[in-house]
Amino acid sequence: MNAETMSEAPLLSVRGLTKRYGGRIGCAEVDLDLWPGEVLGIVGESGSGKSTLLACLAGHLEADGGTARYDGRDVLTLPEPERRRLARTDWAFVHQHARDGLRMNVSAGGNVGERLMAGGARHYGDIRATAEDWLARVEIDPARIDDRPSQFSGGMQQRLQIARGLVTGPRLVLMDEPTGGLDVSVQARLLDLLRGLVRRMGLAAIVVTHDIGVVRLLADRLMVMKDGRVVEAGLTDRVLDDPQHGYTQLLVSSVLPT
Ligand code: ADP
Ligand code: MG
């Protein structure tokens, strides 16, 4: 990131985001700013509140307090139709489990194409051609356009979910453990692909993971969470190479279970 991009207004500005489950804290008083084209990594061991934070931002969960300003509006209190429009156009969400982000009984091409149609595309030939192009971009053989995701491997399903999310050209992508549950070699390939797409498309992204390797590769900046709260934040290299908080030091040295 350079001084020029820093001087723009943040794309997303979160203050005091809090979510409780009954008496239990999901996440508490989280502040973050995300600039256009920037990738923010959120790390922390299991149960630290990463998914809760992301789900509140995406509108999958209702927050108990705080604000999240995007394009001059608070997305935490958007009326449902506007929230859906945002999810169809400007934002994409990549779930850890591809089946949560795909329609498993619809063809690969249909999964990508229906997002285009939701955005207003009508011409069948164009939609199919764009879907084929996107399959190729996520390294799926376009000849498999009529296959269903259930016929794909886990890594392919995850790549299809990414194609479905990115085909509409969003500005912001929220990813929850995008490489979780995949074999190590498959993870590496997916990470490479994600990094290329994010860079080329100039996407802003929030990547939640318990895997330090993922954020080392993808994130410009890092936020470390523990027990629902942010304990440390900064440039990725600084946080990983010179962690200030004792918890971050443990996390980086892989002493903590993930
Ligand atoms: P992470 O994604 O970092 O593993 P989560 O956001 O899933 O963390 O969880 C944060 C905290 O909220 C944990 O203490 C967890 O047990 C609790 N929690 C998460 N989801 C629920 C739920 N649906 N009901 C009750 N507690 C929950
Ligand atoms: Mg989680």
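Positions are given from 1 along the sequence. Read the numbers this way: they start at 1 and go in the same order the structure lists the ligands and their atoms. Computation of the quantities below employed the complete heavy-atom set of this structure, encompassing side-chain atoms and omitting hydrogens, waters and symmetry-equivalent molecules. These numbers were taken from a predicted model, which means no experiment stands behind them.
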Worksheet item: Going by the angle between their ring planes, with limits at 30° and 60°, are Trp91 and Tyr70 parallel, tilted or perpendicular?
Response: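 Trp91 vs Tyr70 ring planes: perpendicular.
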Worksheet item: Parallel, tilted or perpendicular: which fits the ring planes of His95 and Phe93, with parallel below 30° and perpendicular above 60°?
Response: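 The arrangement is tilted - the two ring planes meet at 30° to 60°.
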Discussion item. Less than 4.0 Å is my threshold; does some heavy atom of Gly44 fall inside it relative to ligand 1?
Written reply: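 Gly44 does not count as a contact of ligand 1 under the 4.0 Å cut-off.
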Worksheet item: So is Ile25 in contact with ligand 1, going by heavy-atom distances below 4.0 Å?
Response: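 Under 4.0 Å: yes for Ile25.
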Item to complete: Output yes when a side-chain donor or acceptor of Arg85 lies under 3.5 Å from a complementary backbone atom of Thr89, and no otherwise.
Response: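 Here the side-chain-to-backbone pair does not exist.
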Fill in: Donor-acceptor under 3.5 Å (Gln161 side chain, Leu102 main chain)
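Such a contact is absent between Gln161 side chain and Leu102 backbone.
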Report the nearest protein non-hydrogen atom to [atom]: residue, atom name, distance rounded to 0.1 Å.
| atom | result |
| --- | --- |
| atom 1 (P) of ligand 1 | Gly47 N, 3.5 Å |
| atom 14 (O) of ligand 1 | Arg24 NE, 3.3 Å |
| atom 7 (O) of ligand 1 | Ser51 CB, 4.0 Å |
| atom 8 (O) of ligand 1 | Gly49 N, 3.1 Å |
| atom 24 (N) of ligand 1 | Tyr21 CD2, 3.5 Å |
| atom 3 (O) of ligand 1 | Lys50 NZ, 2.8 Å |

Any atoms of ligand 1 less than 4.0 Å from a non-hydrogen atom of [X]? List them with their elements.
| X | value |
| --- | --- |
| Gly26 | 10 (C), 12 (O) |
| Thr52 | 5 (P), 6 (O), 9 (O), 10 (C) |
| Ser46 | 4 (O) |
| Ser48 | 1 (P), 3 (O), 8 (O) |

Among side-chain atoms of [X] and [Y], is any donor-acceptor pair under 3.5 angstrom?
| X | Y | answer |
| --- | --- | --- |
| His210 | Glu177 | yes |
| Ser51 | Asp176 | yes |
| Asp146 | Ser107 | no |

Item to complete: Between Glu45 and ligand 1, find which residue part has any heavy-atom pair under 4.0 Å and reply side chain, backbone, both or neither.
Response: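 Under 4.0 Å from ligand 1, Glu45 contributes backbone atoms alone.
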Worksheet item: Is any side-chain heavy atom of Leu197 less than 4.5 Å from a side-chain heavy atom of Val138?
Response: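 Answer yes - side chains close enough.
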Worksheet item: Can you list the protein N, O or S atoms less than 2.8 Å from the Mg ion (ligand 2)?
Response: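 Sorted hits: Ser51 OG.
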Worksheet item: Testing Val208, Leu32, Val230 for side chain to side chain contact (heavy atoms under 4.5 Å, CB included) with Leu53, which one passes?
Response: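 Exactly one option meets the side chain to side chain contact (heavy atoms under 4.5 Å, CB included) with Leu53, and it is Leu32.
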Fill in: Rounded distance [0.5 Å steps], CD in Glu114 versus CE in Met117
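If I round to the nearest 0.5 Å, the distance is 8.5 Å.
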Worksheet entry | Separation of Arg148 CZ from Asn111 CG (nearest 0.5 Å) |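 The distance works out to 10.5 Å.
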Worksheet item: Residues in side chain to side chain donor-acceptor pair (under 3.5 Å) with Thr52, at least two apart?
Response: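 Side chain to side chain donor-acceptor pair (under 3.5 Å) check on Thr52 returns Tyr21.
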